[in-house]
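Okay, so here's the structure we're looking at.
Residue numbers begin at 1 in each chain, while the letters A, B, ... track the order of the sequences.
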Amino acid sequence: MITIDPEGLSSHFDSRAAEERWDRAWSQRRIYDFDAGSSAQAFVIDTPPPTVSGSLHVGHVFSYTQTDALARYMRMRGRNVFYPMGWDDNGLPTERRVQNYFHVRCEPGATHDAALELRMADDAARKGPPRKVSRGNFIELCLALTAEDEKAFKALWRRLGLSVDWSLEYSTIDRRSRRLAQLSFLDLLKKGHVYNVEAPTLWDVDFRTAVAQAEVEDRPVRGAFHHVRFAVLGGGEFTIATTRPELLPACVAVAAHPGDERYKALFGRRAVTPLFRVPVSIFPSLLVDKEKGSGILMVCTFGDATDVQWWREERLPLRQVIGRDGRLAAVRFGSEGFPSLDPAAANEAYGHLVGRTVKEAQKAIVELLRRPEAAAAGAGAPLVSEPQPVEHAVKFYEKGDRPLEFITTRQWFVRLLDRKAELIEAGETIQWHPDFMRTRYRNWTENLQLDWCVSRQRYFGVPFPVWYPVGQDGAADFQHPIAADEAALPVDPTSEAPPGYGEAQRDRPGGFHGEADVFDTWFTSSLSPQIATRWTDAPERHRRLFPMDLRPQSHEIIRTWAFYTIVKARLHEATIPWKHVAISGWVLDPDRKKMSKSKGNVTTPTHLLDQYGADAVRYWSLSARLGTDTAFDEKVLKVGRRLVTKLFNASKYVLAQSAQAGSVTRALDLAFLVRLRETVEQAGRELEAFEYAGALEVAERFFWSRFTDAYVEIVKARARSDSDPQGRTSAVAALQLALGVLVRLFAPFLPYVTEEIWSWGYDRESGHASVHRAPWPSAADFEGLDDADPGAFDAALAFLEAVHRAKSARGASVGRHLRLLRVACAPATADLVAPSLPDLLAASRVEEHHLERRESLSPLAFEVVEIVLAERPEPEKTEA
RNA sequence: AGGCGCGUGGCUCAGUGGUAGAGCGCUUCCUUGACACGGAAGAGGUCGGUGGUUCAAUUCCACCCGCGCCUACCA
């Protein structure tokens with residue numbers, strides 16, 4: 001038996017002190033470490049490496065806590081839990097943050113500054129243009145800043161009590177991850193899954209990089225239809241409708257629906273663009289919508305994805321006028337590729353556009369189109385009416401500010417379109433929680449339009465481990481890349497020479513050209529399972545841990561992170577990366593809007609931790625079910641804190657009771673334990689299905705309404721009885737057994753307060769120094785219970801409730817003494833309640849009682865027939 | 001426009017083929033020796049709408065309405 005002296009304990013749990021103490025103790029005792037030598041079944045978690053872009057918000061706390069509860073449960077179930085943590089530090093979010101923080105821009109040609117200061121830019125520095133720094137310096141700044149950010153994340157994770165094995169920490173830019181990502185690329189290259197090609201690609205003009213389909217989002221944008229008159233060669237005219245008049249110089253054809261009577265006669269003839277006087281073909285296409293605009297449209301290189309398709313299928317010429325910087329490039333009409341019937345006029349018009357951004361060019365060209373002199377044969381201005389405002393969806397890079405353009409560049413792709421079926425099949429093999437999330441995966445995969453563009457024209461990322469031979473003509477041969485030597489990885493082709501070459505041969509005829517691009521960050525983070533399990537570095541370990549058990553993540557990155565991870569596992573090892581995916585919901589602000597930095601509605605977690613304690617914050621996180629978006633509600637935190645306090649106080653009370661050693665013998669105590677056992681089983685079932693919220697609810701309901709409000713009150717008198725030593729032993733033994741079970745039941749959810757309580761004696765008694773290494777409650781805890789009838793407990797509850805109701809109806813307090821109590825119930829119920837009667841009468845403060853047996857009453861129903869309140873003792877007047 | 005999810009007391013959310021649940025909030029009462037961050041009692045809902053299946057529907061089916069998300073939609 002455990003006996004504590006509650007005198008030294010406050011009435012409230014000091015969460016702050018406990019968090020510091022236990023975090024230190026856990027880390028010193030390494031209780032969350034994966035045991036590589038253990039033969040126990042592993043439970044392997046593919047923890048999401050958070051993007052360390054600087055700011056934390058409650059959304060982070062939310063989903064990571066949910067995973068932690070499952071990890072803790074599995075650990076208590078005896079699984080050898082593999083729970084790593086990574087940091088996703090490479091990529092655009094970091095670059096953008098570094099640019100702002102230090103007020104710099106990367107300029108690959110800039111000279112390297114060996115003594116670059118790592119200091120936040122001050123206001124004075126921000127007034128000037130951003131400082132240009134070399135690629136090497138820029139990467140240094142990225143590394144320095146992310147190191148700081150990672151510290152903040154790590155501190156939060158530890159305070160939250162995430163039971164991560166910190167010896168498994170990695171970052172997606174560290175040496176091992178770079179090596180692995182390059183290895184992944186070389187493997188795909190060897191197997192023919194990647195290719196590079198010069199083709200129109202989705203391009204962000206601000207970041208000046210290609211992006212992948214998965215990173216594209218539609219945004220509604222206000223635009224306008226411009227109705228522009230085109231002449232037909234040999235006579236005639238028609239009016240096209242376009243929202244992008246600035247692309248008129250890039251017009252390469254005109255198309256209409258083949259069944260459209262208005263334009264049928266035009267097919268096969270040639271149109272002449274206004275202003276630039278370029279003859280273009282007119283062709284029929286089923287893709288044209290007769291109802292939209294004027295039913296006839298111009299095809300440009302490139303206005304949208306359909307333009308790209310027409311350009312390919314109709315073998316149209318290429319007139320790329322928008323440059324990588326989003327400005328109209330210098331082109332000359334009348335020269336190669338830009339024919340014109342009137343080059344002088346065309347170049348005059350184009351002079352108004354060159355060097356301008358798309359937006360500026362649009363404004364300028366509208367003015368040009370209004371000029372009547374631009375018209376052919378005096379037919380009036382080409383712009384036949386005022387622009388007609390419309391709202392339409394435009395593709396943006398999800399992190400970008402200006403619409404994407406299709407720009408012809410050379411990029412590397414991973415072939416996906418020919419593997420859709422097997423990728424869909426892989427998704428079906430994985431268990432999704434909740435199950436309907438698999439539909440998101442399937443829909444996305446079915447709708448894939450493009451292979452995965454994996455090259456980015458950025459700096460802070462993992463370089464492609466390839467070079468290209470340079471011919472005697474000085475041109476690089478991109479179709480015969482020189483792969484890096486696997487043993488030499490990671491390599492940086494911009495500063496290292498390929499095998500068999502010397503640095504002097506860089507960019508020289510007969511030499512080599514180093515690939516300057518870096519991987520899409522998803523290319524690396526989609527390898528998180530391989531990084532954590534050490535894939536080729538430790539093949540034995542990888543075999544043991546892969547495929548993993550669980551991937552937790554949120555739903556908006558199903559199309560990226562989940563999808564690409566499945567792709568990699570498939571292409572590298574023809575398998576699935578994990579058996580289960582648990583999809584967390586979002587945290588919404590109280591108005592049900594998604595929390596986001598840009599909206600300024602973000603709640604930061606630190607003050608919540610200070611105010612309510614980590615356990616309470618966890619309680620809030622764990623109250624939300626998987627896949628369910630949850631409005632942030634501080635009330636739930638208060639409820640969590642109450643639960644923590646209650647647990648603390650109830651434990652203090654229970655462990656302060658003492659009795660002679662012995663076992664649970666009384667029917668009531670046994671009956672109560674049977675109900676507890678059922679609760680444990682139910683919570684276990686919930687957790688097996690990853691339903692941590694259901695388990696918490698079950699545990700909480702039992703703890704509050706069955707344990708503290710009922711059982712503890714009923715046996716209070718007996719637990720300190722001097723006249724009934726056996727009864728006292730039974731009560732105290734049951735209380736302590738129940739508390740030991742309840743503490744373990746709550747341990748995955750409230751790790752701090754449960755560990756604190758455990759340390760009051762359960763640690764020594766059980767031989768498990770930490771509750772988090774103690775076994776999840778099981779049959780072993782309830783030995784000797786056998787088929788005890790829980791009815792005795794139910795009857796006692798019903799009895800107490802009836803008395804409370806009667807007291808309350810008379811305005812008496814629960815503690816009010818009763819001179820007389822006459823109660824009726826069914827005979828069977830009377831038999832059930834009889835052994836508990838002394839406990840119940842003591843709890844109800846009854847002096848004289850009568851229990852009547854009445855056949856007409858239903859089971860467990862108690863009717864208070866007569867109740868006489870005792871005189872209230874005169875309160876001692878101690879006026880303040 | 002298609003798909004998925006949701007719509008239950010004032011609020012946040014569970015749940016179920018057979019008299020509707022919790023917490024918060026509200027009302028009344030109680031400072032009892034673990035806990036007032038506590039305890040007892042109570043008020044409050046035609047479970048979005050309309051049909052259908054069924055002895056019985058909040059629960060199953062169909063349609064509709066509202067909200068959210070995903071996908072598509074740059075002429």
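- Between the NZ atom of K292(A) and the C1' atom of A72(B) there is a distance of 11 Å, rounded to whole Å.
- Note on L404(A): a base of the nucleic acid sits closer than 4.0 angstrom, heavy atoms only.
- Listed here is the closest heavy atom pair of A212(A) and Y564(A): CB-OH, 3.7 Å.
- Of the nucleotides present, G21(B) is the one that pairs with C13(B) by Watson-Crick or G-U wobble criteria, both distances under 3.5 Å.
- Of the listed nucleotides (A40(B), C11(B), A14(B)), A40(B) has the atom at the smallest distance from the side chain of H804(A).
- Taking atom P in both G10(B) and U46(B), the straight-line distance is 8 Å, to the nearest Å.
- Between R244(A) and E405(A) there is a salt bridge, with a side-chain nitrogen of the basic residue lying less than 4.0 Å from a carboxylate oxygen of the acidic one.
- Side chain of V639(A), nearest nucleotide from A34(B), C24(B), C37(B): C24(B).
- Separating the C1' atom of G7(B) from that of U58(B) is a span of 12 Å, rounded to the nearest Å.
- Residue E801(A) is in sugar-phosphate contact alone, with no base atom involved, counting any heavy-atom pair closer than 4.0 Å across all strands shown.
- A salt bridge is defined here as a Lys NZ or Arg NE, NH1 or NH2 lying under 4.0 Å from an Asp or Glu carboxylate O, and R701(A) with E697(A) meets this definition.
- Here F225(A) lies in heavy-atom contact (under 4.0 Å) with sugar-phosphate atoms only.
- Picking from C70(B), C37(B), C73(B) the nucleotide with the shortest atom distance to the side chain of R641(A) gives C37(B).
- Residue Q213(A) has a polar side-chain atom (N or O) positioned under 4.0 Å from OP1 or OP2 of A72(B).
- For the pair E391(A) CD and A1(B) C1', the interatomic distance rounds to 16 Å; values are reported in whole Å.
- As the counterpart of C37(B), no nucleotide is assigned, since no Watson-Crick or G-U wobble pattern has both distances under 3.5 Å.
- Shown here, C63(B) forms a base pair with G49(B); the pair counts as Watson-Crick or G-U wobble because both key distances fall under 3.5 Å.
- Comparing atom distances between the N649(A) side chain and each of U71(B), A34(B), C74(B) picks out A34(B) as nearest.
- You won't find any donor-acceptor pair under 3.5 Å spanning the side chain of H392(A) and the base of C73(B), going by distance alone.
- I583(A) places its CD1 atom 13 Å from the P atom of C70(B), with the value rounded to the nearest Å.
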Base-contact (B) and sugar-phosphate-only (S) positions in nucleotides 2-8 of chain B, heavy-atom cut-off under 4.0 Å, - elsewhere:
-SSS---

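- When each of C73(B), A34(B), A40(B) is scored by its nearest atom to the side-chain atoms of A393(A), the top-ranked nucleotide is C73(B).
- Among the heavy atoms of the strands lying under 4.0 Å from T708(A) is at least one base atom, whether or not backbone atoms are also near.
- Residue contacts for V221(A): at a heavy-atom cut-off of 4.0 Å it reaches no nucleic acid atom on any strand shown.
- Candidate nucleotides A41(B), A72(B), G39(B) were compared by shortest atom distance to the side chain of S808(A), and A41(B) ranks first.
- Nearest-nucleotide positions on RNA chain B place V636(A) closer to the 5' end than the other of A241(A) and V636(A).
- Legend: residues meeting side chain to side chain contact (heavy atoms under 4.5 Å, CB included) with K359(A), ordered by chain and number and at least two apart, are T357(A).
- Using a 4.0 Å cut-off between charged nitrogen and carboxylate oxygen, E678(A) and R675(A) count as a salt-bridge pair.
- With both ends at atom P, the span from C67(B) to U54(B) equals 35 Å, rounded to whole Å.
- Rounded to whole Å, the C1' atom of G52(B) lies 15 Å from the corresponding atom of G17(B).
- Across all strands shown, K652(A) has heavy atoms under 4.0 Å from sugar-phosphate atoms exclusively, and none from any base.
- Atom CG in L287(A) sits about 12 Å away from atom P in C73(B), given to the nearest Å.
- Inter-residue side-chain proximity for R805(A) and V864(A) is flagged as unmet; no heavy-atom pair is nearer than 4.5 Å.
- If you check A41(B), C11(B), A14(B) against the side chain of R805(A), the one that comes closest is A41(B).
- For G9(B) and G23(B), the C1' atoms lie 13 Å apart once the distance is rounded to whole Å.
- The cationic atom of K646(A) (NZ for Lys, CZ for Arg) does not lie both less than 6.0 Å from the six-membered ring centre of F707(A) and within 45° of the ring axis.
- The base of C37(B) is not paired with the side chain of K638(A) by any donor and acceptor separated by under 3.5 Å.
- The phosphate of C13(B) has neither OP1 nor OP2 within less than 4.0 Å of any side-chain N or O from R625(A).
- The phosphate of U71(B) has OP1 or OP2 within less than 4.0 Å of a side-chain N or O from R559(A).
- Taking every heavy atom of both residues into account, I867(A) and A806(A) meet most closely at CD1-CB, 3.9 Å.
- Taking side-chain N and O atoms only, K395(A) has a distance below 4.0 Å to OP1 or OP2 of C73(B).
- L637(A) has its side chain within reach of F632(A): a pair of non-hydrogen atoms, C-beta onward, lies under 4.5 Å apart.
- Between the base of A34(B) and the side chain of E713(A) there is a donor-acceptor pair shorter than 3.5 Å.
- Distance noted for atom P between G15(B) and C60(B): 12 Å (whole Å).
- OP1 or OP2 of A34(B) lies within a sub-4.0 Å distance of a side-chain N or O belonging to K716(A).
- The shortest distance between the side-chain N/O atoms of R642(A) and the OP1/OP2 oxygens of C24(B) is below 4.0 Å.
- Distance L9(A) CG to C35(B) P: 12 Å, rounded to the nearest Å.
- Residue-level contact check: G293(A) touches neither bases nor backbone, having no heavy atom under 4.0 Å from any strand.
- Between V732(A) and S658(A), every side-chain heavy-atom pair lies at or beyond the 4.5 Å cut-off.
- G68(B) and A34(B): their C1' atoms are spaced 45 Å apart (whole Å).
- Summary of the strand contacts: R720(A) and D304(A) both lie near RNA chain B, and taking for each the nucleotide with the nearest heavy atom, the more 5' one is attributed to R720(A).
- Atom-to-atom, CZ of R816(A) to C1' of A41(B) comes out at 16 Å; the value is rounded to the nearest Å.
- In a base pair of the Watson-Crick type (N1 to N3 plus N6-O4 or O6-N4) or a G-U wobble (N1-O2 and O6-N3), with each distance short of 3.5 Å, A43(B) is matched with no nucleotide.
- Judged by Watson-Crick or G-U wobble contacts below 3.5 Å, the nucleotide U58(B) has no partner.
- Nucleotides C4(B) and C64(B) are separated by 13 Å at their P atoms, to the nearest Å.
- Base pairing of C4(B): its partner is G68(B), meeting the Watson-Crick or G-U wobble criterion (both donor-acceptor distances under 3.5 Å).
- Within the 4.0 angstrom heavy-atom criterion, only backbone atoms of the sugar-phosphate kind lie near T242(A); the bases stay farther away.
- Under the 30°/60° scheme for interplanar angles, the aromatic rings of F563(A) and W444(A) are found to stand perpendicular.
- With A34(B), U71(B), U12(B) as the candidates, the nucleotide lying closest to the side chain of V712(A) is A34(B).
- Put simply, W704(A) has a side-chain N or O that comes within less than 4.0 Å of OP1 or OP2 on G39(B).
- The pair R402(A)-D206(A) meets the salt-bridge criterion, since a charged nitrogen lies less than 4.0 angstrom from a carboxylate oxygen.
- Across all strands, D709(A) comes closer than 4.0 Å only to sugar-phosphate atoms, never to a base (heavy-atom distances).
- Among the protein residues, A650(A) comes within range of the nucleic acid bases, having at least one heavy atom under 4.0 Å from a base atom.
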